[in-house]
Amino acid sequence: MIPGPVEFEPAVMRAVGMATTSHVAPAFIEAFGHSLEMMREVWMSPSGQPFIIAGTGTLAMDMAGSNLTEPGDNVLVISTGYFGDRYAGLLKRYGADVTLLKAEVGDVVKVSAIEKELRKKRYRLLTFTHVDTSTAVRVDPEPIGMLGEKYGVLTILDGVCSVAGEELRQDEWNIDVAFTASQKAVGVPPGLALMVVSERAMEAWRNRKTPVGNYYCDWSNWLPVMRAYEERRPSYFGTPAVNLVAGLEVSLDIILKEGMERRIARHSNLAHEFRTAMHDLGLKMIPLNEDISASTLSAPWYPEGVDGTAFMKAISQSDVILAGGLLPELKDKYFRVGHMGSVTGGDILVTVASVRNALKSCGYSPGI
Ligand SMILES: *Cc1c(COP(=O)(O)O)cnc(C)c1O
């Protein structure tokens with residue numbers, strides 16, 4: 001029950017465990033091409049260009065950042081925690097002039113504050129984290145996409161902790177790049193960076209004046225490969241993660257069979273159930289209200305008197321695995337519970353019981 005790697009479906013693990021084939025074997029080309037097609041449905045971006053690349057979520061951040069920024073570009077980074085801060089540092093490496101708008105812990109940056117900043121100067125790019133895994137705060141992408149459209153600014157959504165678990169309508173919401181990594185709500189072991197890029201962003205990339213400052217990430221290398229696989233032709237730039245792509249095809253198929261609407265509703269219901277149980281135990285959450293609380297994970301503060309180290313030790317002896325805090329300055333003050341992917345109501349019940357017992361063994365007596 002950590003926010004990634006999550007627990008994977010047995011059918012996905014069977015596919016990952018297949019005998020590794022050539023990256024140009026017909027069955028592999030089919031798995032790759034089919035996965036690209038299914039990504040458009042999961043991202044709700046019928047017009048987008050999908051990419052499947054060997055690497056982690058951080059590589060996806062790097063790929064979107066390096067292809068869409070040029071030295072001297074103004075970039076606005078909206079941060080709701082650890083991963084927003086990471087993006088600011090990453091974009092500076094490519095020579096971007098970064099302005100960081102940082103939310104208070106547990107809150108989001110107001111849309112009016114974003115608009116005020118966009119009025120000040122000509123921005124090329126804006127990034128935000130759909131769900132920041134350090135705080136469990138969820139940002140509403142729709143108004144930000146509208147601002148991107150209004151001010152002619154490209155929008156990048158870090159969806160590593162949201163895609164396939166939170167509502168995302170990439171085309172409808174004018175999001176130019178939405179990326180994730182395989183090991184979170186997409187439900188495949190770590191090792192794949194996944195993204196869908198809008199036609200507007202591909203056009204901006206084509207019109208660059210300087211070469212992309214990162215060789216591996218350069219879309220010039222990967223776009224022909226993605227096109228070839230989708231047309232069921234062999235291609236090569238760097239060897240793809242063959243076994244993980246086999247798992248991805250199975251997992252995307254499971255996701256689409258559940259249906260996006262049902263899947264989003266299931267995540268939302270389980271998250272609500274979990275938070276209600278935590279409130280009943282007297283625990284407060286980092287996100288300041290329900291509207292900005294993620295469906296994919298929760299981050300409860302320890303109640304007064306409970307020591308984080310002792311709590312995590314008690315949990316390690318229980319039936320569930322939970323994560324500690326991630327924000328460096330507050331990491332011993334809260335813990336994190338992932339509830340994404342194939343999580344069930346039963347998993348939530350077992351987790352709540354384990355949290356309750358661990359709190360008790362730390363000398364805290366829950367109100368109920
Ligand atoms: C996990 C995560 C990342 C980084 O992904 P890695 O696969 O660990 O590199 C980036 N952003 C968010 C929101 C994440 O949850």
Side-chain angles (χ1 to χ4, degrees), residues 4-6 8-43 45 48-68 90 156 158-160 163-164 170 177-198 201-202 205 212-256 341:
V6 303
F8 306 115
E9 293 283 350
V12 171
M13 296 313 288
R14 279 196 296 278
V16 169
M18 71 169 195
T20 306
T21 66
S22 157
H23 56 286
V24 293
F28 177 72
I29 294 174
E30 175 56 33
F32 204 113
H34 186 208
S35 296
L36 290 169
E37 288 161 1
M38 287 190 288
M39 278 173 67
R40 285 201 190 85
E41 290 181 60
V42 173
W43 271 244
S45 179
Q49 173 60 55
F51 289 85
I52 300 171
I53 310 286
T56 77
T58 307
L59 181 89
M61 297 173 82
D62 217 8
M63 180 170 268
S66 61
N67 280 280
L68 294 176
L90 185 156
I156 298 185
D158 174 347
V160 181
V163 171
Q170 187 178 352
V177 183
F179 59 74
T180 190
S182 50
Q183 78 274 15
K184 299 198 185 171
V186 168
V188 179
L192 292 178
L194 307 167
M195 72 182 67
V196 178
V197 183
S198 73
M202 293 310 295
W205 164 74
V212 173
N214 180 315
Y215 184 75
Y216 183 73
C217 285
D218 192 339
W219 284 334
S220 319
N221 295 321
W222 293 108
L223 185 59
V225 177
M226 300 305 132
R227 290 215 169 119
Y229 278 130
E230 200 160 356
E231 290 160 11
R232 306 303 195 263
R233 287 186 288 111
S235 186
Y236 169 76
F237 171 66
T239 309
V242 171
N243 291 57
L244 293 177
V245 173
L248 179 66
E249 186 190 23
V250 172
S251 198
L252 291 173
D253 199 48
I254 290 171
I255 290 169
L256 290 175

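Checking side-chain atoms of S182 against main-chain N and O of P189 turns up a donor-acceptor pair under 3.5 Å. With hydrogens and angles disregarded, no donor-acceptor distance shorter than 3.5 Å links the side chain of D218 to the backbone of N214. For R40 (side chain) and G48 (main-chain N/O), a donor-acceptor pair under 3.5 Å exists by modelled atom type. One N or O on the side chain of S35 and one on the backbone of A31 form a donor-acceptor pair closer than 3.5 Å.
No side-chain heavy atom of V188 sits under 4.5 Å from any side-chain heavy atom of Q183. Looking only at side-chain heavy atoms (C-beta outward), L223 and Q49 come within less than 4.5 Å of each other. Looking at heavy atoms from C-beta onward, V212 lies in side-chain contact with W205 at the 4.5 angstrom threshold. In this structure, the side chains of I52 and P240 stay at 4.5 Å or more apart for every pair of heavy atoms. Inter-residue side-chain proximity for S198 and V177 is flagged as unmet; no heavy-atom pair is nearer than 4.5 Å. Using a 4.5 Å cut-off on side-chain heavy atoms (C-beta onward), L194 and F51 make no contact. At least one side-chain heavy atom of W219 sits less than 4.5 Å from a side-chain heavy atom of V197. Counting heavy atoms from C-beta on, the side chains of M38 and D253 come closer than 4.5 Å.
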- Take T180 and M195, measure what side-chain contact (heavy atoms from CB on, under 4.5 Å) needs, and give me the verdict at the end. CA-CA 6 Å; T180 190; M195 72 182 67; over 6 Å; no

- Item | Residues L192, I53; criterion side-chain contact (heavy atoms from CB on, under 4.5 Å); working and verdict | CA-CA 6 Å; L192 292 178; I53 310 286; over 6 Å; no

- Evaluate the criterion side-chain contact (heavy atoms from CB on, under 4.5 Å) for residue pair V242 and M18; output intermediate values, then yes/no. CA-CA 10 Å; V242 171; M18 71 169 195; 3.6 Å; yes

- Task: Decide salt bridge (Lys or Arg N to Asp or Glu O under 4.0 Å) for E37 and R232; before the verdict, give the C-alpha distance in whole Å, the side-chain angles of both, and the deciding distance to 0.1 Å.
- Result: CA-CA 12 Å; E37 288 161 1; R232 306 303 195 263; 3.1 Å; yes

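A side-chain hydrogen bond (donor to acceptor under 3.5 Å, both in side chains) check over residues 14-25, counting only residues at least two apart or in different chains, returns the pairs T20-N243.
Across F28, F237, W222, Y236, a single residue satisfies ring-ring contact (aromatic ring centres under 6.0 Å, His included) together with Y229, and that is F28.
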